[in-house]
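Notes follow the structure.
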Amino acid sequence: MIISRGEGVRVWDDNGRDYIESVAGLWCASLGFSNERLAKAAYTQMQKLPFYHSFTAKSHEPLIDLSEMLIARAPVPMSKVFFANSGSEANDSAVKMIWYFNNAIGRPLKKKIIGRIKGYHGVTIASASLTGLPNNHRSFDLPLPGFIHTMTPHYYHGAEPGESEEAFATRCAQVLDDLIIAEGPDTVAAMFAEPAMGAGGVILPPRTYFEKIQAVLQKHDVLLVADEVICGFGRTGNYWGSQTFGVQPDILVCAKALSSAYLPISAVMVNDRVFEGLANESHEIGTFGHGYTYSGHPVPAAVAIETLKIYDEIGLVDHVRTVGPFLQSELRRRFEGHELVGEVRGIGMIAAVELVADKAARRNFDPKQKIVARLVKLCEKHGVIARGLPNDSLAFSPPLIMTAAEVTEMLDRVGTALDELTVQLRREHLAVVA
Ligand SMILES: Cc1ncc(COP(=O)(O)O)c(C=O)c1O
């Protein structure tokens with residue numbers, strides 16, 4: 001499929017067919033596909049200062065202004081911002097900072113990093129090691145040693161019969177505690193977590209999860225990194241997913257909607273304690289030997305500044321608080337009772353509809369049957385670009401500017417695709433005839 005142009009929440013292929021983008025590209029084009037102000041911000045910055053770097057004690061206004069805007073908007077007090085070009089690079093940078101920090105404060109053995117099974121943090125070597133999805137490891141000789149994974153907090157699949165959400169969260173925290181103790185608390189440096197897991201299946205933390213996880217991390221003096229690459233900038237109905245789920249990170253990573261994805265840029269925010277460690281070690285060594293040619297590149301930075309201004313001006317978070325509940329309730333009203341649907345989950349403007357072979361047993365189809373890939377194809381046939389996730393889950397993460405009328409149109413089209421899939425599966429005797 002060749003995508004040739006975009007406008008609002010839609011894109012057009014090279015044959016002139018339009019599609020509603022139900023995942024904002026890759027969970028990122030928050031302001032849709034035709035924002036003039038962002039295009040102008042890039043052009044204006046290119047004319048004024050098309051490139052400058054931030055090495056050797058240099059800086060420039062877009063980098064400084066954007067840093068200040070991010071610090072002012074952070075969910076918890078943050079001290080400094082480091083810029084990179086992608087979520088993966090930002091997470092790799094955070095891992096390196098954590099190692100550097102622990103060396104700085106005299107804990108050279110405290111280096112292991114915890115991710116979660118089904119967590120997604122990117123594909124560079126450290127971020128892919130953090131990621132907990134088999135396809136990002138298999139045949140790549142990953143994860144690297146020193147990267148370990150704890151359980152997925154997915155209540156629907158993970159809970160024991162009769163276990164409450166709170167009890168399940170307690171068990172998740174116990175599993176984490178056991179893991180840290182088994183590895184040796186003096187060897188575990190940090191845990192990375194998406195407030196709501198995205199690419200692993202849109203998995204929301206069970207009630208009280210982060211409160212309990214953070215108590216374990218604090219007990220063992222393990223840093224918490226919030227990977228806000230998807231959740232940041234309004235997606236879950238608050239400015240940050242950390243606010244929605246009660247996360248108080250030491251380090252926060254963001255990207256994607258930081259520039260509405262119009263140009264590549266990502267950021268790592270660190271709190272005072274982490275910054276002090278980094279600064280002291282850098283003074284000792286003489287330099288902080290990490291940074292990219294394009295760290296804080298003025299053009300993406302200018303676009304990001306304009307993006308954050310637009311978010312404030314149009315009240316984007318309030319918009320998500322209005323349209324998000326409509327999206328969530330419509331998804332449940334339309335699909336929860338469907339014979340193929342096991343779970344509808346989500347918050348704000350992120351959601352997933354999971355298809356199952358057996359609703360009572362919560363059993364998925366055999367992955368070889370590629371059920372969600374078939375649904376994605378049918379969605380395309382009916383005018384929606386959709387995204388399949390593990391466990392035959394269909395993702396929803398539309399541009400945040402999507403209106404209620406556009407939600408209705410999108411779900412009408414997805415519903416038609418799902419009905420067509422159901423007919424096909426019945427014919428193939430894969431679905432139970434209702
Ligand atoms: C939560 C999260 N972290 C990190 C990344 C990696 O970002 P990038 O693809 O920009 O490297 C992604 C990408 O989808 C993501 O969803």
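Just so you know, residue 1 is the first one in the sequence shown, and it goes up from there. One-based numbering, in listed order, for ligands and for the atoms of each. Computed from heavy atoms alone, side chains included, the values below leave out hydrogens, waters and symmetry copies.
- Every atom of ligand 1 with a heavy atom of G87 under 4.0 Å away is listed here by number and element: 6 (C), 7 (O), 8 (P), 10 (O), 11 (O).
- With hydrogens left out, the protein atom closest to atom 9 (O) of ligand 1 is S88 OG, 4.3 Å, a heavy atom.
- For ligand 1, the polar-atom distance check finds no N/O of I230 at less than 3.5 Å from any of the ligand's N/O atoms.
- Residues H220 and E183 have side chains that never bring a donor and an acceptor to within less than 3.5 angstrom of each other.
- Under 4.0 Å is where a charged nitrogen must lie from a carboxylate oxygen, and between R273 and E276 no such pair does.
- Distances between N or O atoms of D227 and those of ligand 1 include at least one value under 3.5 Å.
- Classification of the Y294-H297 ring pair by plane angle, with boundaries at 30° and 60°, yields tilted.
- Atom numbering of ligand 1 starts at 1 in the shown order; those under 4.0 Å from a heavy atom of S86 are 10 (O), 11 (O).
- Of the charged side-chain nitrogens involved, at least one lies within less than 4.0 Å of a carboxylate oxygen, so that E330 and R333 count as a salt-bridged pair.
- Around atom 5 (C) of ligand 1, the closest heavy atom drawn from F192, W27, Y120 belongs to Y120.
- Distance from atom 14 (O) of ligand 1 to its nearest protein heavy atom, with residue and atom name: K256 NZ, 2.8 Å.
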Criterion side-chain contact (heavy atoms from CB on, under 4.5 Å) on L133 and K118, from CA distance to verdict: CA-CA 5 Å; L133 293 165; K118 292 205 174 151; 4.3 Å; yes
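- Residue K219 qualifies as enclosed at atom NZ: its count of foreign heavy atoms under 6.0 Å is above 12.
- Between R107 and D221 a salt bridge is recorded (basic side-chain N to carboxylate O distance below 4.0 Å).
- Here N91 has side-chain heavy atoms under 4.0 Å from ligand 1, and that is the only part of it that gets that close.
- With a 4.0 Å heavy-atom cut-off, ligand 1 is reached by the side chain of E194 but not by its N, CA, C or O.
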